[in-house]
Amino acid sequence: MREGIEGKVCLVTGAAGGIGSATARLFARQGAAVALFDRDEDGVTRLAADLNAEGLRAFGAAMDVRDLAAYTQAVERTEREFGGLDFIVNVAGGGSRQTLATMSSDDWHAIVDLNLTGPFNSIKAGAPALRRRGGGAIVTVASLAALTMSMNNGLSYTAAKAGVLGLTRHAAFELGRDNIRVNAVLPGPVLTPQMQAKLSPEKLAAVPKTLPLGRWVKAEEVAAPILFFCSPMSSACTGTHVVIDCGLHVGAPTSRDEYERSRDFQASAS
Ligand SMILES: NC(=O)c1ccc[n+]([C@@H]2O[C@H](COP(=O)([O-])OP(=O)(O)OC[C@H]3O[C@@H](n4cnc5c(N)ncnc54)[C@H](O)[C@@H]3O)[C@@H](O)[C@H]2O)c1
């Protein structure tokens, strides 16, 4: 899918993390120059050096997506280094496990700032740069929790990710006439190093059992639809989203094994 990606410039936030680094690698290997930002400066600097060693165009720098002025500087630096900006992928995000009972007002604002204000800043800071190129694409990273609820994170995360979908739709309307498309990806359970560190071995083994595909999503499988939303293959898509969850959204209440056992029972009863 190099067409429409090769020679373009893509800014990725959260690029030191699981999905962000997979996205950065995919765009760079498809011929885009990639500007990698994260609050983890070492992580993005290392990734950029790895990509440079492959002969690909990348730089990495620290940035906090919650800070509009910092986002604007990141956009300006990308334009200076690579001569313009075509795509913005706002991956940075994360949750807290606080419940309604334990969540303070500060906890709430911290999660909403990261997961909803961050994508707003990407659009606010980035749209003028994309307009200067005659158009482009912005991809926000929400979550299946935007349509359901998060089991790993608290209600602030569910609410913020649902807000990302509203932001994506409304920005798509306002930016359509500038030839800027805005779309969202909704990952389900993605097995990133950070997820592996967070969950017990029992939970890691239990998650895939109710999924139609019977396995975790790989970070690269989220990067691919992000690339699709930036490429001309999705030229008529804006304000929409794709769910990438190995089928979690179908909502199977039991494991596949239990489902088969219940069918055996019904077959022998009839
Ligand atoms: N892993 C999953 O199962 C899953 C599922 C649904 C949605 N998501 C979403 O996908 C995105 C990436 O998730 P991941 O699993 O790769 O997580 P990750 O923790 O591996 O990566 C997140 C990255 O964001 C960076 N970051 C955090 N706060 C930041 C800030 N204020 N400014 C700049 N960078 C910041 C972190 O340093 C980290 O590198 C997040 O938005 C997450 O909510 C993940």
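What you see is a predicted model; the values in this text were computed from it and never measured.
Cluster annotation: Phe87 and Val44 are assigned to the same hydrophobic cluster (Ile/Leu/Val/Met/Phe/Trp/Tyr, side-chain heavy-atom contacts under 4.5 Å, transitive). Side-chain heavy atoms closer than 4.5 Å link hydrophobic residues (I, L, V, M, F, W, Y) into clusters, and following such links, even through other members, never connects Phe229 to Val243. Leu11 and Val91 fall into different hydrophobic clusters, defined by Ile, Leu, Val, Met, Phe, Trp and Tyr side-chain heavy atoms under 4.5 Å apart, directly or through other members. Note: the hydrophobic cluster containing Ile5 does not contain Leu130 (ILVMFWY, side chain heavy atoms under 4.5 Å, direct or indirect links). Both Ile123 and Val9 are assigned to one and the same hydrophobic cluster, defined by single-linkage of ILVMFWY side chains at heavy-atom distances under 4.5 Å.
Under the 3.5 Å distance criterion, the side-chain polar atoms of Thr102 are matched with a main-chain donor or acceptor of Thr99. Between the side chain of Asn52 and the backbone N or O of Leu56 there is at least one donor-acceptor pair closer than 3.5 Å. With hydrogens and angles disregarded, a donor-acceptor distance shorter than 3.5 Å links the side chain of Lys161 to the backbone of Val141. Between the Trp216 side chain and the Leu204 main chain, a donor and an acceptor come within less than 3.5 Å of each other. Here the side chain of Asn121 pairs a donor or acceptor atom with the backbone of Arg66 at under 3.5 angstrom. Side-chain atoms of Asn115 never come within 3.5 Å of backbone atoms of Gly93 as a donor-acceptor pair (strictly under, hydrogens ignored). In this structure, the side chain of Ser234 engages the main chain of Phe228 through a donor-acceptor pair within 3.5 Å. The closest donor-acceptor contact from the side chain of Asp40 to the backbone of Ala16 lies at 3.5 Å or more, if one exists at all. Proximity of a side-chain donor or acceptor of Gln30 to a complementary backbone N or O of Arg2 within less than 3.5 Å is detected. Remark: side-chain polar atoms of Thr240 are not paired, donor with acceptor, to backbone N or O of Cys237 under 3.5 angstrom.
The minimum heavy-atom distance linking Cys10 with Val89 is given by the pair SG-CG2, 3.8 Å. The minimum heavy-atom distance between Ala205 and Pro208, with the atom names listed, is O-CD, 3.3 Å. When all heavy atoms of Ser122 and Ile138 are compared, the closest pair comes out as OG-CG2, 4.3 Å. Contact record, Met63 with Ala74: CE-CB, 3.8 Å, taken as the closest heavy-atom pair. Residue Val34 comes nearest to Ala24 through the heavy atom pair CG1-O, 3.9 Å, listed as atom of the first residue, atom of the second, then distance. Smallest separation of non-hydrogen atoms from Gly126 and Val75: CA-CG2, 4.1 Å.
Rounded to the nearest 0.5 Å, atoms CD1 (Ile111) and CG (Asp106) are 11.5 Å apart. Here the CZ atom belonging to Arg181 is positioned 7.5 Å from the SG atom belonging to Cys230, to the nearest 0.5 angstrom. In this structure, Asp42 CG and Leu47 CG are separated by 12.5 Å, a value rounded to the nearest 0.5 Å. From Ser96, atom OG reaches atom CG of Asn152 across 12.0 Å, with rounding to the nearest 0.5 Å. Rounding to the nearest 0.5 Å gives a distance of 8.5 Å between CG of Leu213 and CD of Glu221. Atom-to-atom distance recorded for His249:NE2 and Ile244:CD1 is 12.0 Å, nearest 0.5 angstrom.
In this structure the side chain of Leu191 reaches within 4.5 angstrom of the side chain of Gln196, judged on heavy atoms. A heavy-atom distance below 4.5 Å is found between the side chains of Pro212 and Val250. Put simply, the side chain of Ile226 reaches to within 4.5 Å of the side chain of Phe27, judged on heavy atoms. In this structure, the side chains of Leu186 and Asp245 stay at 4.5 Å or more apart for every pair of heavy atoms. Side-chain contact check for Val139 versus Ile88: every heavy-atom pair is 4.5 Å or farther apart. In this structure, Glu79 and Arg132 have side chains that are in contact, with non-hydrogen atoms separated by less than 4.5 Å. Residues Leu165 and His241 meet the side-chain proximity criterion, which asks for heavy atoms closer than 4.5 Å. Residues Gln98 and Ser156 are not in side-chain contact: their nearest non-hydrogen atoms beyond the backbone lie 4.5 Å or more apart.
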Practice item. Please lay out, stage by stage, how Arg256 and Thr210 fare under the test side chain to side chain donor-acceptor pair (under 3.5 Å). Key: CA-CA 6 Å; Arg256 183 65 198 243; Thr210 57; over 6 Å; no
Review point. Could you walk me through whether Leu36 and Leu51 pass the side chain to side chain contact (heavy atoms under 4.5 Å, CB included) check?
Key: CA-CA 11 Å; Leu36 311 179; Leu51 294 172; 4.2 Å; yes
Review point. Given the rule in the side chain to side chain contact (heavy atoms under 4.5 Å, CB included) test, do Met103 and Leu155 qualify, once you have shown the distances and angles that lead to the verdict?
Key: CA-CA 9 Å; Met103 184 175 299; Leu155 75 169; 3.5 Å; yes
Exercise for review: Would you please test Asp107 and Ser104 for side chain to side chain donor-acceptor pair (under 3.5 Å) and show each step?
Suggested key: CA-CA 5 Å; Asp107 296 332; Ser104 68; 3.2 Å; yes
Check your understanding: Passes side chain to side chain donor-acceptor pair (under 3.5 Å), Ser150 versus Thr158? Steps please.
Key -> CA-CA 6 Å; Ser150 177; Thr158 299; 4.9 Å; no
Practice item. Take Asp38 and Thr13 through the side chain to side chain contact (heavy atoms under 4.5 Å, CB included) test and state the conclusion after the steps. Key: CA-CA 6 Å; Asp38 200 292; Thr13 71; over 6 Å; no
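Ion pairing between Arg25 and Glu54 fails under the 4.0 Å rule for side-chain N and carboxylate O. Taking a cutoff of 4.0 Å between a charged side-chain nitrogen and a carboxylate oxygen, Glu258 and Lys209 do not qualify as a salt bridge. Using a 4.0 Å cut-off between a side-chain N of Lys or Arg and a carboxylate O of Asp or Glu, Glu76 and Arg80 do not qualify as a salt bridge. A salt bridge is defined here as a Lys NZ or Arg NE, NH1 or NH2 lying under 4.0 Å from an Asp or Glu carboxylate O, and Asp86 with Arg133 meets this definition. Salt bridge Arg131/Asp178: present, at least one basic N to carboxylate O contact under 4.0 Å.
The local environment of CD in Glu6 is crowded, with over 12 non-hydrogen atoms from other residues, nucleotides or ligands closer than 6.0 Å. Residue Arg169 qualifies as open at atom CZ: its count of foreign heavy atoms under 6.0 Å is 12 or below. Surrounding NZ of Lys203 are at most 12 heavy atoms belonging to other residues, nucleotides or ligands under 6.0 Å away.
Ring planes of Phe37 and Phe59: perpendicular class, angle over 60° (limits at 30 and 60°).
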